[in-house]
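This one's a predicted model, so the numbers in the text were calculated from it and none came from an experiment.
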Amino acid sequence: LSILFNPVIFGHCAQENMVELKKFLLTVIRITGVAAALFIGLLTVYAPELLTLWVGSEYAALAVYAILLILPIFIQSPANILNDVMIAKLKYRQVAVIYCAAGIFTAILSVIGAYYLGMLGIILAGGLCIIFIEGGGILLYTSRLIEVPASTFLKCLLPGLGMLIITLMF
């Protein structure tokens, strides 16, 4: 979904039209958050049934692991849009450093998690790293890059988060 917005983001960055870029980013993050919440909510609610249809009833017990793998995508999908801004501004070296640090951090947490929790520890380590890197590092760096408070991006995710909670509750 985030790939659809690349040409517009690159166009605003090429024209150095930061006001329109900020408005567009806030709208796109809101839309992406709501769309991601809908798909993630449906996938998590129906995870046992989907696993039963896809690989068989003996794997339906792995639905908890599937849910834990899917939930961090709610943060990752809007962060992919922010990655496009950094690429358009030619600030990809910093992003590469962030992702290399994330890989090392994920490996360390996965080894620790595997020792104490087994497969669940590895899944939790990956999910936590996605949330911290995409929701923390990428969001903070992009907000500094285009001079917008980081809380503005987080406020745009609130409708999607509310929709995700409602979907998971019912």
*Asks:* Between atom CD1 of I9 and atom CE of M86, what is the distance when rounded to the nearest 0.5 Å?
*Replies:* 11.0 Å
*Asks:* What is the distance from atom CG of L117 to atom CD1 of I123, rounded to the nearest 0.5 Å?
*Replies:* 10.5 Å
*Asks:* Please table the atom pairs, donor to acceptor, closer than 3.5 Å between any side-chain atom in residues 138-149 and protein atoms at least two apart or in another chain.
*Replies:*
unit_1, atom_1, unit_2, atom_2, d
T142, OG1, I138, O, 2.8
S143, OG, L139, O, 3.1
S143, OG, L140, O, 2.8

*Asks:* If hydrophobic clusters are built from ILVMFWY residues whose side chains come within less than 4.5 Å, do I87 and F5 share one?
*Replies:* no
*Asks:* Hey, can you pull the donor-acceptor pairs under 3.5 Å for the side chains in residues 67-84, sequence neighbours left out?
*Replies:*
unit_1, atom_1, unit_2, atom_2, d
S77, OG, I73, O, 3.2
N83, ND2, Y99, OH, 3.0

*Asks:* Compile the donor-acceptor pairs under 3.5 Å between side chains in residues 161-170 and protein atoms, sequence neighbours left out, one pair per line.
*Replies:*
unit_1, atom_1, unit_2, atom_2, d
T167, OG1, M163, O, 2.7

*Asks:* Counting only heavy atoms not in L4, do more than 12 fall under 6.0 Å of its CG?
*Replies:* yes
*Asks:* So which heavy atom on A60 is nearest to which on T52, and how close?
*Replies:* CB-OG1, 3.4 Å
*Asks:* Please go through L109's hydrophobic cluster and name the other residues, only I, L, V, M, F, W, Y counting, with side-chain heavy atoms under 4.5 Å joining them.
*Replies:* F105
*Asks:* Under 4.5 Å between side-chain heavy atoms, hopping through other hydrophobics if needed: is there a path connecting M18 to F24?
*Replies:* yes
*Asks:* Holding to side chain to side chain contact (heavy atoms under 4.5 Å, CB included), I want the full list of residues that pass it with V55, two or more places apart in sequence or in another chain.
*Replies:* L51, Y59
*Asks:* Using the side chain to side chain contact (heavy atoms under 4.5 Å, CB included) criterion, which residues pair with P48? Sequence neighbours excluded.
*Replies:* A63
*Asks:* Can you give each donor-acceptor pair under 3.5 Å made by side-chain atoms of residues 26-47, sequence neighbours left out, with the distance rounded to 0.1 Å?
*Replies:*
unit_1, atom_1, unit_2, atom_2, d
T27, OG1, K23, O, 3.0
T32, OG1, V28, O, 2.7
T44, OG1, I40, O, 2.9
T44, OG1, G41, O, 3.0

*Asks:* In terms of hydrophobic clustering (I, L, V, M, F, W, Y; side-chain heavy atoms under 4.5 Å; direct or indirect links), are I131 and L158 co-clustered?
*Replies:* yes
*Asks:* With side-chain hydrogen bond (donor to acceptor under 3.5 Å, both in side chains) as the rule and sequence neighbours excluded, what pairs involving residues 152-161 come up?
*Replies:* none
*Asks:* Evaluate whether atom CD of E16 has more than 12 neighbouring non-hydrogen atoms of other residues, nucleotides or ligands under 6.0 angstrom away.
*Replies:* no
*Asks:* Applying the 4.5 Å side-chain criterion to the ILVMFWY set and letting contacts propagate, would I98 and I130 be lumped into a single cluster?
*Replies:* no
*Asks:* List the residues meeting side chain to side chain contact (heavy atoms under 4.5 Å, CB included) with A102, not counting sequence neighbours, and say none if there are none.
*Replies:* I133
*Asks:* Among all residues two or more places apart in sequence or in another chain, which pass the side chain to side chain contact (heavy atoms under 4.5 Å, CB included) test with L128?
*Replies:* F132
*Asks:* Transitively linked via ILVMFWY side-chain contacts under 4.5 Å: V8 with I3?
*Replies:* no
